[in-house]
Amino acid sequence: MRILSGIQPSGSLHLGNYFGMMKKMIDYQQEGELFCFIANYHAMTSLADGKTLAKGTLEAAANFLALGLDPEKSTFWVQSDVPEVQELTWILSNFTPMGLLERCHSYKDKISRGIAANHGLFAYPVLMAADILLFNSDKVPVGKDQKQHVEVTRDIAIKINNHYGEIFTLPEPDIDDDVATVPGLDGQKMSKSYGNTIDLFLPENQLRKQIMRIVTDATPVEDPKDPDSCNVFQIYRLFLDKEEQAALRARYTAGGLSYGEVKQELFETMRDYFIPFTERRTAILEDKETLHKTLEMGAQKARYTASKVMRKVRKKAGLVY
Ligand code: ADP
Ligand code: TRP
């Protein structure tokens with residue numbers, strides 16, 4: 001089974017990115033053939049500063065490697081190092097009805113937030129479809145917000161398969177209900193654009209500050225509390241196994257638990273969980289030469305697989321004459 005996903009290099013990284021996507025990808029290395037990349041072309045739809053994009057790309061790669069992605073075992077690359085993806089985007093565009101893209105929530109959301117509509121933003125799902133189809137991916141782990149884009153990918157693949165014959169594997173979105181949407185400080189979806197994130201790789205004092213800002217209700221300390229409606233519990237449980245969750249649940253319902261106390265525990269748990277990753281990340285970023293070599297090797301591996309698919313597509317499309 002081939003599993004593929006990408007993440008945009010957008011600077012900071014939060015718990016939603018980690019539990020919604022990255023951790024799953026890293027765990028998948030035990031189960032199948034993993035393809036993972038830094039979506040720097042996609043990031044251009046929201047980032048026009050070249051220096052920031054370049055720096056963010058290297059940092060995003062370091063994040064994944066530090067968190068446990070093994071570049072020998074998996075294929076790990078930067079999107080723009082595999083130019084085949086742009087060629088495939090163009091070919092797919094010719095099978096993509098305007099209506100399909102006009103219906104995309106992510107596009108409509110961005111427009112309604114006042115972001116100027118341009119062709120890059122509109123065609124974003126086609127580039128994403130090319131990422132997925134170029135590697136004949138079976139499974140695509142993403143957060144709920146990206147599910148529609150995987151469905152669009154399937155629609156495009158079906159159209160092309162019907163037209164040219166079976167070329168593409170139909171991908172399945174892979175969404176884990178348990179962590180489908182990691183809530184942010186205010187209980188809404190954790191997202192950079194809502195300013196409600198708890199970030200990875202922060203200095204201790206800043207991490208503690210973020211966690212203390214989690215919004216809680218005004219239930220007095222001595223009263224029983226409802227873990228299911230508590231933002232602290234909903235975040236804390238991501239670090240706990242079933243038994244630990246049950247134990248924490250029992251402390252909530254028994255009464256006598258202060259939110260400050262649980263926040264402090266969450267802070268310590270999260271800090272300890274990420275300490276080894278933070279140290280590894282610093283070491284990776286200090287040795288840029290090795291990092292560049294790792295990414296070069298990844299791009300070569302990715303291009304090897306991509307070129308096999310492209311050979312078939314080009315032939316069917318009449319680009320080989
Ligand atoms: P943001 O919303 O902060 O801009 P991105 O869109 O860059 O995050 O998301 C990168 C990846 O992390 C995607 O696969 C996305 O679905 C996942 N993701 C982001 N936020 C969350 C969340 N709160 N819960 C679950 N997954 C998330
Ligand atoms: N659009 C995805 C996001 O913002 C990133 C992405 C780009 C992606 N290409 C992909 C995810 C292909 C999965 C498969 O999160």
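Start at 1 and go down the list; that is how both ligands and their atoms are numbered. Below, all heavy atoms of this structure are taken into account, side chains as well, without hydrogens, waters or symmetry copies.
At least one side-chain heavy atom of Met22 sits under 4.5 Å from a side-chain heavy atom of Leu13. At a threshold of 4.5 Å between non-hydrogen side-chain atoms, the residues Lys301 and Thr305 do not count as touching. When side chains are defined from C-beta on, Met98 counts as touching Phe122, because their heavy atoms get closer than 4.5 Å. Side-chain contact between Phe37 and Phe135: absent, with no pair of heavy atoms (C-beta onward) separated by less than 4.5 Å. Within the 4.5 Å cutoff, the side chain of Leu88 has no heavy atoms near those of the Val309 side chain.
At least one N or O atom of Asp145, backbone or side chain, sits closer than 3.5 Å to an N or O atom of ligand 1. Residue Gly16 has at least one nitrogen or oxygen atom sitting less than 3.5 Å from a nitrogen or oxygen atom of ligand 1, judged on distance alone.
Evaluation of the side chain to side chain donor-acceptor pair (under 3.5 Å) test over residues 268-280, restricted to residues two or more places apart or in two chains, returns Tyr18-Tyr273, Glu204-Arg271, Tyr236-Thr269, Gln264-Glu268.
Ring-plane geometry between Phe239 and Phe274 is classed as perpendicular, the angle between the planes exceeding 60 degrees on a 0 to 90 degree scale with a lower cut at 30.
By the salt bridge (Lys or Arg N to Asp or Glu O under 4.0 Å) test, Lys55 pairs with Glu59, sequence neighbours left out. In this view, Lys293 and Glu289 satisfy the salt bridge (Lys or Arg N to Asp or Glu O under 4.0 Å) rule, not counting sequence neighbours.
Looking at Lys192 against ligand 1, both its backbone and its side chain come within 4.0 Å, counting heavy atoms. Using a 4.0 Å cut-off between heavy atoms, His14 contacts ligand 1 through its side chain alone, with no backbone atom that close. Both the backbone and the side chain of Asn17 come within 4.0 Å of ligand 1, judged by heavy-atom distances.
Distances below 4.0 Å separate heavy atoms of Lys189 from the following atoms of ligand 1: 2 (O), 20 (N), 21 (C), 22 (C), 23 (N). Contact atoms of ligand 1 toward Met190: 20 (N), 21 (C), 22 (C), 23 (N) (distance under 4.0 Å to a heavy atom of the residue). Atoms of ligand 1 lying under 4.0 Å from any heavy atom of Gly20, numbered from 1 in the order shown and given with element: 25 (C), 26 (N).
In this structure, a donor-acceptor pair under 3.5 Å is present between the side chains of Lys139 and Tyr28.
Of the listed residues (Pro9, Ala39, Ser191), the one carrying the non-hydrogen atom nearest atom 2 (O) of ligand 1 is Ser191.
Each of Leu4, Ser5, Gly6, Gln8, Phe37, Ala39, His42, Tyr124, Met128, Asp131, Ile132, Val140, Val142, Gln146 has a non-hydrogen atom positioned under 4.0 Å from some atom of ligand 2.
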